[in-house]
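Here is the structure we will look at.
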Amino acid sequence: MFTIGDFARHGRVSVRMLRHYDATGLLRPAHVDPATGYRHYTAAQLARLNRLIALKDLGFTLAQVGEILDEKVDAGELRAMLRLRRAELAAEMAATAARLGQVEARLRSIESEGLMPGDDIVIKHLPSRRVAELTAVAPDFDTIGPVIQPLYGELFRRLGAAGIAPTGPGVARYEDAPGGGVLVHAGVEVAAAPREEDGLRVLDLPPVERAATVIHRGSMEAVLPAVQMLAHWIEAHGHRSAGYPTEVNLECPENRDHWVTELQEPLL
């Protein structure tokens, strides 16, 4: 048996926490000396301690931890629970990171108010392009990232299975969804014949007579200042927008901060 101090060192917890777990009934000592009140633990109790700490660190309340441990959850069931909780926490972290990126982009837009030059904006004629694309609905623009990223993964998987190789850049475009939200089109230029099968479409996008274009350098989470610069420039030059900007991915290295994307906003 181990004294409470020795057991705490082996379990990498504090003596104070062990006393708390004893008081709450989560981890009772194997033996308490009736004369001195000293607590003693066995090495076998490290298994319960490990489960207790893992569950607590994954966000379960101590009451929930007690219920799980008292149900005699075996190692396999516990692993499954922890994997599920890990996935939930990963999703929460991704959502938090996305929100942080949106806040940073909004802050950059605020900081650059009145300082956004339009020298880099060019009006272009956009020829027709053939793209393969998948489509989904995002509830709003704040949730486009989690929608469009899986779409591109699935798009390239399907193209590979169909033996279709991309021939040009990725082309992301957006529309107002009929029932609300944003209709997200994740596409890439291809040379395949037009088709529509199981949600995958190969189609020709119509030419655009005039579009205001600007190059954005960086991740798409930081694109807001460039989008708003286009808005200022369009208004200042007496133009009218004809829809959402299309995003043409000119360079997409592994580091998203080094991406190069052309925004192409159609004009009336």
Side-chain angles (χ1 to χ4, degrees), residues 101-102 105-106 108-109 112-138 140-145 147-149 151-152 155-156 166-178 181-192 194 196 200-253 256-268:
Q102 293 156 10
R106 194 71 64 175
R108 280 192 290 271
S109 291
S112 60
E113 287 174 358
L115 302 174
M116 294 185 284
D119 298 344
D120 296 331
I121 295 177
V122 176
I123 291 183
K124 294 182 181 179
H125 168 77
L126 306 178
S128 175
R129 54 164 56 102
R130 180 164 295 181
V131 300
E133 66 178 26
L134 291 175
T135 301
V137 176
D140 50 47
F141 258 93
D142 286 344
T143 55
I144 280 181
V147 171
I148 198 169
Q149 292 168 16
L151 274 184
Y152 267 112
L155 174 65
F156 287 118
T167 58
V171 179
R173 57 194 188 92
Y174 310 98
E175 303 175 77
D176 291 325
V182 182
L183 198 60
V184 179
H185 302 274
V188 63
E189 288 190 13
V190 297
E196 184 165 357
L200 175 64
R201 300 176 66 202
V202 177
L203 71 158
D204 292 322
L205 300 181
V208 176
E209 186 62 32
R210 294 189 311 150
T213 67
V214 69
I215 298 296
H216 166 65
R217 301 180 187 276
S219 74
M220 296 312 295
E221 287 80 5
V223 75
L224 185 63
V227 171
Q228 294 192 351
M229 180 172 69
L230 272 176
H232 283 286
W233 187 91
I234 288 170
E235 182 181 78
H237 289 77
H239 300 295
R240 290 179 59 197
S241 173
Y244 292 109
T246 293
E247 300 163 359
V248 179
N249 307 123
L250 303 179
E251 298 178 21
C252 296
R256 295 165 62 86
D257 291 334
H258 296 161
W259 281 17
V260 179
T261 306
E262 184 174 67
L263 304 181
Q264 303 173 340
E265 185 159 346
L267 302 175
L268 294 175

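Values below: every heavy atom of this structure, side chains too, minus hydrogens, waters and symmetry copies.
- A heavy-atom distance below 4.5 Å is found between the side chains of Ser128 and Pro207.
- For the pair Ile148 and Met220, the minimum side-chain heavy-atom distance is 4.5 Å or more.
- Nearest heavy atom pair, residue Pro166 against residue Val188, reads CB-CG2, 3.7 Å.
- Between atom OG1 of residue Thr135 and atom CG of residue Leu183 there is a gap of 5.5 Å, rounded to the nearest 0.5 Å.
- Across every non-hydrogen atom of Ala226 and Val214, the tightest pair is O-CG1, 4.4 Å.
- Annotation: Arg210, atom CZ; neighbour count of heavy atoms from other residues, nucleotides and ligands within 6.0 Å is above 12.
- Atom CG of Leu267 is separated from atom NZ of Lys124 by 13.0 Å, given to the nearest 0.5 angstrom.
- The side-chain heavy atoms of Asp257 and Ser219, taken from C-beta on, include a pair separated by under 4.5 Å.
- The two residues Ala136 and Val147 come nearest to each other via the heavy atoms CB-CG1, 3.9 Å.
- Atom CG of residue Leu126 and atom OG1 of residue Thr246 lie 8.0 Å apart, to the nearest 0.5 angstrom.
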Check against side chain to side chain contact (heavy atoms under 4.5 Å, CB included), Ile215 and Asp120 = CA-CA 8 Å; Ile215 298 296; Asp120 296 331; over 6 Å; no
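- Arg130 contributes atom CZ, which lies 10.5 Å from atom CG of Leu205 (distance to the nearest 0.5 angstrom).
- Although no hydrogens or angles enter the test, the distance criterion places no donor-acceptor pair under 3.5 Å between the side chain of Trp259 and the main chain of Arg217.
- Across all non-hydrogen atoms, the minimal contact from Leu263 to Pro245 is CB-CB, 4.4 Å.
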Walk me through it: do Gln264 and Val208 pass the test side chain to side chain contact (heavy atoms under 4.5 Å, CB included)?
-> CA-CA 10 Å; Gln264 303 173 340; Val208 176; over 6 Å; no
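- Between His239 and Trp233, the ring-plane angle classifies as parallel under the 30° and 60° cut-offs.
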Take Ile121 and His237 through the test side chain to side chain contact (heavy atoms under 4.5 Å, CB included) and record every step on the way to the result.
-> CA-CA 11 Å; Ile121 295 177; His237 289 77; over 6 Å; no
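- With 3.5 Å as the limit, one finds no donor-acceptor pair spanning the side chains of Glu247 and Thr261.
- Between the CE atom in Met229 and the CD1 atom in Ile234 there is a gap of 10.5 Å [rounded to 0.5 Å].
- Closest heavy-atom contact between Ala132 and Val202: CB-CG2, 3.9 Å.
- Contact annotation: the side chain of Val248 approaches that of Arg129 to within less than 4.5 Å [non-hydrogen atoms, C-beta and beyond].
- Environment of CD in Glu175: crowded, with over 12 heavy atoms of neighbouring residues, nucleotides or ligands closer than 6.0 Å.
- Here the closest non-hydrogen pair linking Gly187 and Glu133 is CA-CB, 3.7 Å.
- To the nearest 0.5 Å, the span separating NE2 on His216 from CG on Leu224 amounts to 10.0 Å.
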